[in-house]
Amino acid sequence: MQSSHAAAAVSSAFDDPNLIAYGGLEPVVRLAERCGLPALVGEYIRLPASKDGTGAFPAAKVMSLVGGMVAGADSIDDMHRLRHGAMGRLFSGVRAPSTLGSFLRSFTHGHVKQLHAVARRFLPELARHAPLLPGADQVAYVDIDDTIRRTYGYAKQGTGYGYSKVKGLNALLGIVSTPLAAPVIAATRLRKGPSNSARGAAAFVAETIRTARACGANGLLVMRADSAFYGADVVNSCRALGARFSITVRMNASVKAAIARIDEDAWVPIKYPKAVWDEEGQCWISDAEIAETGYTAFTSKPKKQQVTARLIVRRVKRLSTGTVPAGQGTLFDTWRYHAAFTDSPLSLNDAERDHRRHAVVEQVIADVKNSAFAHAPSGHFQANAAWLALAALAHNLTRAAGALAGTFHARATTATIRDHLINVPARLARSARRLTLHLPERWPWSTDFTQLFSIVHAPPAP
């Protein structure tokens with residue numbers, strides 16, 4: 001590729017009032033309206049009246065924030081991208097970044113909970129309007145994990161050093177997925193940086209499971225988590241709601257004793273389809289052995305809180321390549337053990353493989369941090385908590401748009417969906433009281449865009 005004209009023959013001017021940079025934002029906003037997001041905000045979010053009107057028209061402000069995030073905004077100032085060219089003709093009610101910042105700063109803990117209530121009701125509506133969670137009536141998974149959103153400076157409320165030794169805020173996410181679908185975010189919580197991972201986990205797990213059920217996950221539902229969430233309250237919360245659990249256990253004395261009782265003949269070799277990086281050994285491993293035994297957990301708790309289920313154990317050889325001379329083998333093998341406590345009805349191999357797939361939650365965390373939650377943009381803690389909840393709304397809305405567009409975009413990252421379907425330049429034209437979006441000729445993903453556009457503009461079913 002090279003320039004087609006001499007430098008002196010090319011000029012630029014920001015003077016066309018009919019252009020927009022995000023042509024794909026129109027069908028996405030239309031989808032949000034079809035699923036009732038503005039109505040849900042108007043019903044559940046009640047901000048106090050003020051002289052400057054900060055709490056007025058919450059639906060318009062939430063739609064502006066979510067629309068900006070769908071288009072790629074990751075800070076309050078980024079909402080300026082909604083106020084260019086013909087955006088004012090294509091959308092009404094777009095608010096200025098300063099107005100949106102004041103709106104977020106007016107949130108209290110109770111208002112953030114109201115926003116969570118909106119999110120819990122909006123996701124099932126998305127699932128009804130788009131093939132968001134195919135197969136959820138057979139098998140679905142809930143994955144819980146937290147992450148630290150790094151922050152800088154001294155002005156942000158709630159920041160501190162947590163388990164990762166990184167200064168920031170702690171974000172807890174609950175996602176829902178199926179073997180056929182990419183995950184969506186069912187629940188969020190923003191916590192202070194030094195918060196323990198398991199703080200409030202039982203109630204959070206219950207909320208995520210109820211949202212998953214509302215989305216159609218009426219078959220086998222398995223909650224997966226790492227050892228930070230291994231506790232009697234979390235396990236019993238799952239059982240009370242009819243969900244199964246699969247949680248990595250801490251290698252305490254009781255677990256080690258249970259593993260030692262496993263007969264050597266019970267170990268079954270498995271081969272990973274892809275090699276796995278071993279952090280402790282700093283090497284790649286491609287095989288391991290698994291076995292299971294019965295185990296009663298939480299024996300220090302009252303009898304009604306104790307749980308008896310399966311202890312699935314994976315062991316890999318502890319390699320000592322640095323201490324073994326070249327050409328010689330070890331005298332005997334030593335092993336490292338990884339155990340998961342589960343009541344999954346699946347076979348040993350399937351249950352162990354499904355537990356390892358808990359890593360899908362890390363992909364969602366990376367996706368969110370690569371988009372709207374790239375920053376905690378406000379100095380106010382509750383404003384950042386609201387921002388995280390809105391980022392989850394934008395993530396799910398983008399995911400639903402991708403599911404309507406086609407098979408490829410149904411499983412693509414939200415960054416890919418934005419590049420292919422949303423950040424499409426368009427020229428707005430009006431004729432016979434109709435608006436037409438003129439999009440680039442030979443756009444590589446025009447077929448998927450057209451499919452999304454046609455579905456959300458079709459007359460609603462009676």
Side-chain angles (χ1 to χ4, degrees), residues 32 35-48 55 58-59 61-66 69-70 100 103-128 132-133 142-147 149 157-158 169-176 183-192 195 197-215 217 223 229 234 237 241 243 361 364-365 368 371-373 376-378 380-400:
C35 295
L37 181 56
L40 287 170
V41 173
E43 180 179 356
Y44 286 97
I45 295 183
R46 292 286 184 268
L47 292 172
K61 294 170 184 176
V62 167
M63 288 295 291
S64 295
L65 287 163
V66 171
M69 290 177 176
V70 169
L100 298 177
F103 173 68
L104 289 172
R105 288 189 294 273
S106 69
F107 271 63
T108 64
H109 175 70
H111 298 128
V112 175
K113 298 290 285 183
Q114 293 172 3
L115 191 54
H116 290 161
V118 171
R120 286 196 302 272
R121 289 159 176 80
F122 182 59
L123 182 58
E125 287 299 319
L126 280 177
R128 277 189 279 274
L132 202 57
L133 293 167
V142 163
D143 292 278
I144 308 296
D145 204 359
D146 64 339
T147 184
R149 173 69 275 167
Q157 296 174 349
L169 295 167
N170 184 293
L172 180 61
L173 275 72
I175 70 167
V176 183
V184 292
I185 302 173
T188 61
R189 290 290 185 277
L190 190 68
R191 306 178 295 183
K192 293 183 178 180
S195 296
S197 294
R199 178 174 174 265
F204 184 80
V205 166
E207 177 184 330
T208 308
I209 291 173
R210 291 191 183 100
T211 303
R213 294 295 191 196
C215 292
M223 192 284 297
F229 301 92
V234 171
S237 180
L241 293 171
V361 71
V364 178
I365 289 173
V368 173
S371 53
F373 199 52
S378 178
H380 293 253
F381 180 82
Q382 299 302 342
N384 287 325
W387 184 271
L388 175 61
L390 292 167
L393 280 172
H395 175 93
N396 295 339
L397 182 58
T398 306
R399 176 73 56 211

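Atoms considered below: every heavy atom in the structure, side chains included; atoms not considered: hydrogens, waters and symmetry mates.
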Can you check whether Val205 reaches Val142 side chain to side chain, under 4.5 Å on heavy atoms?
no
How far apart are the closest heavy atoms of Ala389 and Thr188, and which atoms are they?
CA-OG1, 3.7 Å
Could you tell me if Thr108 and His111 have a donor-acceptor pair between their side chains, going purely by distance under 3.5 Å?
yes
Less than 4.5 Å apart, any side-chain heavy atom of Leu390 and any of Val62?
yes
Output the distance between atom NZ (Lys192) and atom CZ (Phe381), rounded to the nearest 0.5 Å.
7.5 Å
Nearest-0.5 Å distance, CG of residue Leu169 to OG1 of residue Thr147
11.0 Å
Within the 4.5 Å heavy-atom criterion, are Val234 and Met223 side-chain neighbours or not?
yes
So which heavy atom on Gly174 is nearest to which on Phe204, and how close?
N-CZ, 3.3 Å
Nearest 0.5 Å, what's the CZ-CG distance between Arg105 and Leu100?
10.0 Å
Looking at OG1 of Thr208 and CG of Leu241, how far apart are the two atoms once the value is rounded to the nearest 0.5 Å?
10.5 Å
More than 12 heavy atoms of other groups within 6.0 Å of Arg46 CZ:
yes
To the nearest 0.5 angstrom, please state how far the OG atom of Ser197 sits from the CG atom of Asn170.
6.0 Å
Check whether any side-chain N or O of Asn384 sits under 3.5 Å from a backbone N or O of Ser378 as a donor-acceptor pair, and report yes or no.
yes
Can you tell me how far apart CD1 (Ile185) and CD1 (Ile175) are? Round to the nearest 0.5 Å.
8.0 Å
Shortest non-hydrogen separation from Pro377 to Trp387 and the atoms involved
CG-CD2, 3.5 Å
Residue pair Leu37 / Val118, side-chain heavy-atom distance below 4.5 Å:
yes
Could you check whether any side-chain heavy atom of Leu115 comes within less than 4.5 Å of a side-chain heavy atom of Tyr44, counting everything from C-beta outward?
no
Of all heavy-atom pairs linking Gln382 and Phe107, the shortest is CB-O, 3.4 Å
So do the side chains of Leu123 and Leu132 get within less than 4.5 Å of each other, counting heavy atoms only?
yes
Quick one: does any side-chain atom of Arg191 pair with a main-chain N or O of Gly200 as donor and acceptor, under 3.5 Å?
no
Is the shortest side-chain heavy-atom distance between Leu393 and Phe122 below 4.5 Å?
yes
Leu47 to Ser106 - nearest heavy-atom pair and separation
CD1-OG, 3.8 Å
Might you point out which heavy atoms bring Ala386 and Val112 nearest each other, and give the distance in Å?
N-CG2, 4.1 Å
Any heavy-atom pair between the side chains of Ile365 and Phe373 that's under 4.5 Å?
no
Between the side chains of Glu207 and Arg189, is the shortest nitrogen-to-carboxylate-oxygen separation below 4.0 Å, so that they form an ion pair?
yes
